[in-house]
Amino acid sequence: MHADILPAIRSPSDLAADMNAAERERIRAKAALFAPPPAQLADGRRDLVGLSREELVAELDAIGEKPFRAKQLWHWIYHQGATDFARMSSIARPLQEKLAERFVIGRPETATAQTSSDDTRKWLFRFRDGQEAETVYIPDRREDRGAVCISSQVGCTLSCTFCHTGTQRLVRNLGAAEIVGQFMAARDSYGEWPSPKGETPRLLSTIVLMGMGEPLYNYDNVAKAMRIVMDGEGIALSRRRITLSTSGVVPMMDRCGEELGINLAVSLHAVRNDLRDEIVPLNRKYPIEAVLDACRRYPSASNARRITFEYIMLRGVNDSEAEARELVRLIRGLPAKVNLIPFNPWPGSSFKPSTKEQLAKFAAIVMDAGFASPIRMPRGRDILAACGQLKTASERLSAGAKS
C-alpha cells in the first residue's frame, strides 16, 4: 500500500479535540431546545439591545440608513444608557421618529427590588414573556465599587443539592438582550450613566456570571452579551472585570477561554468524585480530573489572573482537614485561589454550615500551601441574595400555594 493512501494515524490530542467538538455541538443543540423568545414586541418593533454591531448595521440598512448611524446608536445605547430615541441629540428628529416606529431600547421590568441591611441589592427582573430571574449587586466593604451578579438562565439545569436555585427546574435560556439588560438596569438603578471612563470610580465595577443557571449551557447568548459589555465604545468593562462561574462544563470551558478570555471560577465543592457526583451531579459527566485538566488549558490563567475555585463549606460533608490537604494536592501547580463559602441555609435544605473553627482550620491549610483562601462572608442573607439562595419569587410563591 502506498504511503499516500495509508489511513492517517491520529494523535490522542486530535481525537480528544474531535470528541470535544462533537460534545460542544451536542450542548449547543440542547441549548436550542431552551432558546429565548425573539427580542420583538407584540407590535412588531425590534429591541436593539442585545444586537451585535453587525446586526445593528443590518437592521439600519434594512430601513435605508447608513452604517455610521449604527455607531451613533451604539454610543447612545451603551455609553449614555439612553432608552428614548428623542433624547439622542446627535440624531435629527425625523430619524428619531423613524427609529421609534420600528425599534425599542428595552430593559427587563423590575418586578421587585430589595436592599439588604448590608447594602446588597437584589432585583427580580421580569422579561417580556413573563419569565423572571434574579440579579444581585454586592458592594465592596471598603471601596466605592462592587460586583453585579448576573443570571444566565431562568431556573437551572444542574440540580446541585446544596443550592436553592438548583431546586428550580430549567425553564429557558436568557437571550443576549436579557443578560446585558440586567447590568444596564442595575446601572439605571444607581444612576451610573454615561459609562465611566478610564480610572473613573464606578460603583458597578465588575460582572460575575454567578446568578441563576449554568452560563456554559447558554454559551452563545452569554458570549454575545459579554462582547457587548466589553466593547470599548459602550459599557467598556475589560475582560479582567468579568468572571464566569461554571460547575465544570469542560468542552465549553475551552471555548470560553479561546474566544472570550474572561476570568474563570469553578464550582468545585468536593475533592472526591463519589462525593462530587452526589452534590454536583454534573461531575458524573465531567469528573474532577477532566475539570482540572481544562483549568490547566485555560489560556488566560496566570499569576495575575488566577482561576478561582469555589468551595462551599458543608458541616461534616466536605470540610475536614484531610479534604483541605487533598484540595491543595489537586490544584498544585495551577495559578489559583480558593473561595471558601459558608453554606447559606434555605428552607428545606438538610445541610448545615461548617463551624467557624472548622472554616479557620480548612483555610489555614490552604493558605499554608501558598493559595489565597478568603472566607467569603455571606452578603444579603436577609433578602435571600447570598450565594446559593437565588430563586425567583414567582417560583417560591407558586410552591407556597401548592403546600
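Side chains included, hydrogens not; waters and symmetry mates left out as well; all remaining heavy atoms used. Note that the coordinates shown come from a computational prediction; the quantities given were computed from them, not determined experimentally.
- A donor-acceptor pair under 3.5 Å is formed between the side chain of N318 and the backbone N or O of I312.
- Note that the CD1 atom of I242 and the CE atom of M230 stand 5.0 Å from one another [nearest 0.5 Å].
- Rounded to the nearest 0.5 angstrom, Y137 OH and I150 CD1 are separated by 13.0 Å.
- The side-chain heavy atoms of K361 and Q358, taken from C-beta on, include a pair separated by under 4.5 Å.
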Intermediate values then yes/no, salt bridge (charged side-chain N to carboxylate O under 4.0 Å, His left out), D144 and R202: CA-CA 7 Å; D144 286 338; R202 57 177 114 201; over 6 Å; no
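- Within the 3.5 Å criterion, the main-chain N or O of L174 finds a donor-acceptor partner in the side chain of N218.
- Not a single donor-acceptor pair under 3.5 Å links the side chain of S151 to the backbone N or O of A133.
- To the nearest 0.5 Å, atom CD of residue E310 and atom OG of residue S267 are 4.0 Å apart.
- Between F362 and D319, the closest heavy-atom pair is CD1-O, 3.6 Å.
- Relative to the ring axis of W76, R87 does not place its NZ or CZ within 45° and under 6.0 Å from the centre.
- Note that the CD atom of E65 and the CD atom of E59 stand 12.5 Å from one another [nearest 0.5 Å].
- The shortest side-chain heavy-atom distance between L275 and E323 falls under the 4.5 Å cut-off.
- Under the 4.5 Å side-chain criterion, counting only non-hydrogen atoms from C-beta, K71 is not in contact with V57.
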Step-by-step salt bridge (charged side-chain N to carboxylate O under 4.0 Å, His left out) determination, E101 to K98: CA-CA 5 Å; E101 287 172 5; K98 182 179 178 181; over 6 Å; no
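- Counted by atom type alone, E214 and Y219 present zero donor-acceptor pairs between their side chains at under 3.5 Å.
- Listed here is the closest heavy atom pair of R107 and G181: CD-O, 4.4 Å.
- Side-chain N or O atoms of Q96 include one that pairs as donor or acceptor with a backbone N or O of M88 at under 3.5 Å.
- Exactly one residue among T355, I341, L340, I375 makes a side-chain contact (heavy atoms from CB on, under 4.5 Å) with M313. That residue is L340.
- Residues F309 and L334 share a closest heavy-atom pair of CZ-CD1, 3.8 Å.
- The ring of F34 has its center no closer than 6.0 angstrom to the ring center of Y217.
- Separating the CD atom in E326 from the CD1 atom in I288 is a distance of 8.0 Å, to the nearest 0.5 Å.
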From CA spacing to verdict: salt bridge (charged side-chain N to carboxylate O under 4.0 Å, His left out), R126, E178: CA-CA 10 Å; R126 184 173 297 138; E178 295 168 328; over 6 Å; no
Pair E258-R255, salt bridge (charged side-chain N to carboxylate O under 4.0 Å, His left out): steps then yes or no: CA-CA 5 Å; E258 293 160 8; R255 188 173 173 201; over 6 Å; no
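- Atom CZ of F351 and atom CG of N344 lie 13.5 Å apart (nearest 0.5 Å).
- Side-chain contact annotation: N283 with D277, donor-acceptor N/O pair under 3.5 Å present.
- Note that R121 lies in the cation-pi zone of Y190, set by a 6.0 Å cut-off to the ring centre and a 45° limit from the axis.
- Within 6.0 Å of CZ in R240 there are 12 or fewer heavy atoms belonging to other residues, nucleotides or ligands.
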